[in-house]
Amino acid sequence: MNLFSPIITGIFLGGLYAVIGLGLSLVFGVMKLVNLAHGAFVVFGSYLGLALLIAFGLDPILALILIVPTAFILGYCIQKFLVNRAYQLGTEPALLITYGISIILANLYQQIFSPYFKSLVTDYSVKGLSIGPYSVPLIYVLDFIVCFIAMLLLHWLLNKTYIGLSIRCAVQDPVAAKLMGISIEHVYALTLGISLSFASLAGVFLGLTFPFNPVSSFTYLFIAFGVVVIGGLGSMTGTFIGGIVLGLSQTLAAYFLGIGLQTFVGFIVIFIMLAIRPQGIFGVKE
Amino acid sequence: MPGEPLLKLESVSIYYGNFCAVKNVSLSVYEGEIVSLIGANGAGKTTVMNAIMGLVHPAKGSIIFEGKRIDKLDTSQIVSLGVSLVPEGRRIFSTLTVYENLMAGAYTPRARAQREQMLKRVYDLFPILQERSKQLAGTLSGGEQQMLAIGRALMSNPKLLLLDEISLGLSPIVTLKLYDAIRRINSEGTTILLVEQNVRQSLKISSRAYILKSGEIVLSGYSKDLKDEEEIKSAYFGV
Amino acid sequence: MASDDSILDVQRLKKSFGGLVAVRDFSFHLGKGEILGLMGPNGAGKTTVFNLISGVYKPDSGVIKYKGMNIVGLPPHKIRRLGIARTYQIPQPFPRLTVLQNVQIAAMYGGGFSKAESEKRAHEVLDFIGLSDKKDMPAGNLKLLDLKMLELARAIVSNPSVLLVDEVGAGLREAEIPHLVKILKTINEMGVSIMLIEHIPRLVVETVDRLIVMNAGEKIADGKPREVIRDARVIECYLGKEIVEE
Amino acid sequence: MFRLNAEYILLVILTLIMALLPVVGIGWYTLHVLFLFFVYLALANMWNLLAGYSGLVSLGQPAFMGIAGYTLAMLLWFFDTPLYIAIPAACAAATAFAAVLSIPLFRMRGFYFSIGTLLLNEICRVWFNWWRPIPVPGAPVGGGAGFGIRSGLSPISIYYLALAVGIASIILMRFILGSKLGAGLMAIRDNERAAATCGIDIFRCKLYSFLIATFFTGLAACVFYLFQGHIEPTGAFSISWLNVMLMAVIIGGISTEEGPIVGSAIVVLLSQLLPRYAEYSPLILGVLLTLIITFTPPGIIGMMRKTRLYNAMLKYLSKPIT
């Protein structure tokens with residue numbers, strides 16, 4: 001038996017999964033809102049990358065300069081004009097509105113890009129990298145590097161900037177944050193903007209790694225949710241480990257049980273985690 | 001009292017759903033004063049403070065700060081105008097460091113510009129905060145947390161500082177220190193409106209006082225005239 | 001102190017929230033047919049005591065004996081069904097249901113009465129408490145006084161043995177108090193032992209048989225209401241000490 | 001106590017008209033639309049019972065529908081079970097599945113419950129995609145290909161089944177809301193803390209509501225799959241089922257008895273009567289859903305209830321006839 005390959009791909013894949021989870025975790029940590037549109041936001045990055053690749057032949061990684069700001073503005077506006085309003089009515093309307101947004105986006109993708117699988121094909125997305133006697137797709141290594149860049153970036157943003165300070169204040173005590181002159185609605189809008197930026201970043205690399213279609217919106221929602229449920233919502237280290245656990249459980253399940261049950265095992269792991277420890281391994285009980 | 005008051009409440013009524021928490025309250029605070037708002041629990045003191053800060057909006061009446069109506073504004077706008085509240089229960093950001101808490105206090109653009117000076121002033125007032133600047137705020141003692149809460153409110157360089165029950169749960173010695181600091185803050189030009197349950201204490205420090213009972217002002221005047229215990233006792237106990 | 005004729009016997013009750021001790025070593029008893037008052041400044045732990053008795057919180061330690069049986073750890077609905085009813089300081093109606101439905105539900109679930117019987121009892125209680133003209137209004141549209149009365153109605157409709165009343169007088173006008181005193185007295189005469197958290201001294205003095213004062217989670221006085229209210233320690237805990245030395 | 005009023009008479013008349021439609025030879029297409037309407041109505045009513053009256057925002061109803069559908073398919077495929085046994089057995093299987101899952105699910109609160117239930121759809125989909133009870137390689141049975149459901153029922157009898165289930169769901173809602181359970185559920189929805197203080201066992205009430213809703217959702221699913229004659233995992237556990245329930249309830253008016261009726265009609269009309277725009281209908285519904293939550297959260301019925309005319313009508317309809 002040769003476990004090297006599933007383990008190494010599992011870990012690399014897990015890094016990418018962690019990036020998918022980052023944004024969801026951030027939004028939950030700040031607003032206590034599970035953003036059911038998160039998967040659709042991830043795929044937003046993939047499709048925007050595809051559009052730019054087709055239209056201008058722009059390299060997807062280079063195109064991030066355009067994709068991330070667009071995603072940020074979109075997220076800011078969605079929160080400001082839709083979710084904030086629903087949020088005032090309670091958490092259930094807010095949850096349902098994110099559901100509505102995910103339906104709208106998934107159907108828009110389908111109208112514009114057809115229901116079929118697409119991928120971002122570049123010369124490096126199909127290259128392999130040899131590690132000793134084994135070969136790992138180069139893109140998996142890039143995914144893993146992106147994971148670290150994304151985590152460092154988010155860490156910097158949260159801990160070294162006024163935006164981050166206002167977010168952390170709002171998380172801890174919204175009323176006290178208001179008393180500092182922080183507008184909570186603005187903070188929430190920024191948060192969704194940042195979340196969508198990271199989601200689109202993940203989306204571009206996912207698109208380079210796997211084929212995607214409109215239904216991927218929901219698949220990635222589950223992965224994101226799995227990552228944060230395993231790792232604990234609102235904990236960055238947890239999100240990273242959650243990503244690795246989920247990535248490994250999938251590649252190992254595929255190895256032992258076959259491709260057919262690979263996602264099944266992942267989902268069961270998430271479900272069990274939800275039932276026994278909804279706050280995650282690293283989460284703090286509320 | 002010369003000229004226009006810095007803060008003026010005119011027949012303010014505030015409801016929580018159907019519950020009228022504050023009825024027809026009028027009060028004024030003039031520049032340079034320390035005014036105290038006294039009352040038993042549930043009398044509506046904190047509600048008045050929250051209304052000034054825009055955390056709740058009055059159903060009737062108006063709140064005027066520096067001649068400008070503020071009762072419809074957002075809290076963040078009111079903070080930018082130069083009003084700051086030290087809330088009941090301190091509400092410091094316990095997982096942020098002391099320094100970060102103070103920086104959060106200087107969030108508004110106006111405050112950000114002068115945050116170095118203000119930081120110096122706060123450290124000067126409470127040297128212990130400088131010593132502990134890298135510590136998580138949650139690890140401070142109760143008194144230090146209260147100092148931090150006051151320091152944080154000062155960081156926006158307010159013209160009017162509202163203090164809500166700052167001595168709650170603190171030892172007499174610490175309370176004494178805090179009140180010394182309050183006097184100093186006042187003498188450096190900040191107007192203060194404070195809410196206290198400790199009647200004797202707050203009458204001592206303030207120049208004027210208003211006494212609230214069941215959401216209404218039942219008594220007001222110069223603090224030295226209000227020291228007549230019986231009158232206050234009856235406002236409290238009603239017997 | 002606790003004797004055989006006490007219906008509620010609480011011993012060394014303790015509860016803290018994240019390091020902050022809300023109730024420490026609090027012991028008292030409620031006699032059968034007694035009206036017991038509980039006073040104290042903000043944060044003294046009065047409402048926490050009610051939450052502990054009614055099962056909303058579980059105490060860290062201590063015993064709550066009701067009719068000789070330890071009820072610590074039982075969920076709120078079981079405690080209610082055993083016969084301990086309570087009201088909330090901030091009224092907690094079912095806002096979208098009518099006043100009658102509000103009361104009827106408490107009779108059905110809390111008292112175990114049939115649907116028809118519950119409706120009959122709900123009508124009776126609303127008549128008694130003076131809400132029958134508003135019985136078809138959604139409870140969310142009621143004024144504060146009526147909401148407080150609804151709380152009381154919902155509590156007594158199931159024929160409880162013990163009634164815990166949390167600040168029913170707060171926010172009421174002076175003129176509304178006698179009505180409230182009368183209602184509480186009548187409930188008591190029907191054989192319900194009552195425990196009352198209250199700040200309005202007039203209401204307390206006129207209603208209760210015995211008064212306990214709490215401060216910082218502890219009992220500082222226990223006795224005849226008029227005497228307790230004049231206790232120097234009690235006055236001090238309300239007005240505070242003068243500590244600024246000139 | 002049952003009291004006859006205009007509402008019931010109206011319901012009986014409408015039911016009779018619907019029942020007579022096939023007899024007078026109405027077109028297949030109209031019957032098909034009505035069939036879908038009744039199935040959607042039953043689904044929407046049950047989702048309203050959960051989300052609107054019990055505070056359980058379950059996103060896992062497709063899973064329970066699929067379990068019922070698959071049980072029905074298995075019973076008919078392998079055992080030739082008669083329908084009058086197979087249908088109740090399928091519903092019972094879905095309910096049993098829900099009962100077992102309620103142990104972990106009810107540990108999850110609020111959002112976690114929604115996500116946990118949403119996950120069930122995916123778990124079931126992946127499982128049934130993989131599961132092949134007949135291990136013949138290449139056989140078009142089981143796995144992604146699914147199973148045929150041969151009932152031998154004529155489309156008209158299935159239409160009558162749907163009619164019965166749809167109308168029954170309305171009556172069931174009326175019955176539950178008038179019962180002790182309904183009162184308890186509404187109390188919990190309005191104020192959980194006060195409900196417990198009033199002696200209501202919150203866990204038990206929610207469990208009953210969950211099981212009743214699952215049973216009836218399963219019933220609606222059986223009727224649908226009898227009509228479709230086939231079940232496969234991608235469609236069965238698809239999120240589009242969820243869309244139907246959510247849209248119908250929220251657009252119509254959550255926590256109202258009439259809401260799901262109006263909402264189901266709108267959903268059916270949008271998805272069926274505009275065949276040319278069929279591909280856009282989920283998009284239109286999504287936009288409608290988002291707008292309704294943002295601007296009139298009580299839905300269409302909630303909006304109408306603010307008008308005097310509508311209230312007068314309601315009052316008239318519910319007046320007892322002596």
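In what follows, chains are A, B, ... by sequence order, proteins preceding strands, each numbered from 1.
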>> Report which part of A:F264 has an atom under 4.5 Å of a heavy atom belonging to chain D: side chain, backbone, both, or neither.
In response: both
>> Is D:I103 in contact with chain A via its backbone, its side chain, both, or neither, using a 4.5 Å heavy-atom distance?
In response: neither
> Under a 4.5 Å heavy-atom cut-off, does chain A meet the side chain of D:L119, its backbone, both or neither?
Replying inline: both
> Checking heavy atoms, do the side chain of D:V287, its backbone, both or neither come under 4.5 Å from chain A?
Replying inline: both
> Which bit of A:I272 comes within less than 4.5 Å of chain D, counting heavy atoms only: side chain, backbone, both or neither?
Replying inline: neither
> To the nearest 0.5 Å, what is the distance between OG (A:S217) and CD1 (D:I239)?
Replying inline: 9.5 Å
> Can you list the steps and then say if A:F222 with D:I115 is a side-chain contact (heavy atoms from CB on, under 4.5 Å)?
Replying inline: CA-CA 9 Å; A:F222 289 122; D:I115 294 297; 5.9 Å; no
>> Using side-chain contact (heavy atoms from CB on, under 4.5 Å), reason through D:L105 and A:F271 one step at a time and then give a plain yes or no.
In response: CA-CA 9 Å; D:L105 282 177; A:F271 189 82; 3.9 Å; yes
> Roughly how far, to the nearest 0.5 Å, is CD1 of D:I293 from CG of A:L96?
Replying inline: 5.0 Å
> When you look at D:I123 and A:I270, which way does the side-chain contact (heavy atoms from CB on, under 4.5 Å) test go after all the steps?
Replying inline: CA-CA 10 Å; D:I123 291 177; A:I270 300 169; over 6 Å; no
>> Quick check for you: to the nearest 0.5 Å, what is the distance between A:F267 atom CZ and D:R125 atom CZ?
In response: 7.0 Å
> Rounded to the nearest 0.5 Å, how far does CG of D:L289 lie from CD1 of A:I101?
Replying inline: 9.5 Å
> If you count heavy-atom pairs under 4.5 Å with chain D, which of A:I103, A:V215, A:L108 comes out on top?
Replying inline: A:I103
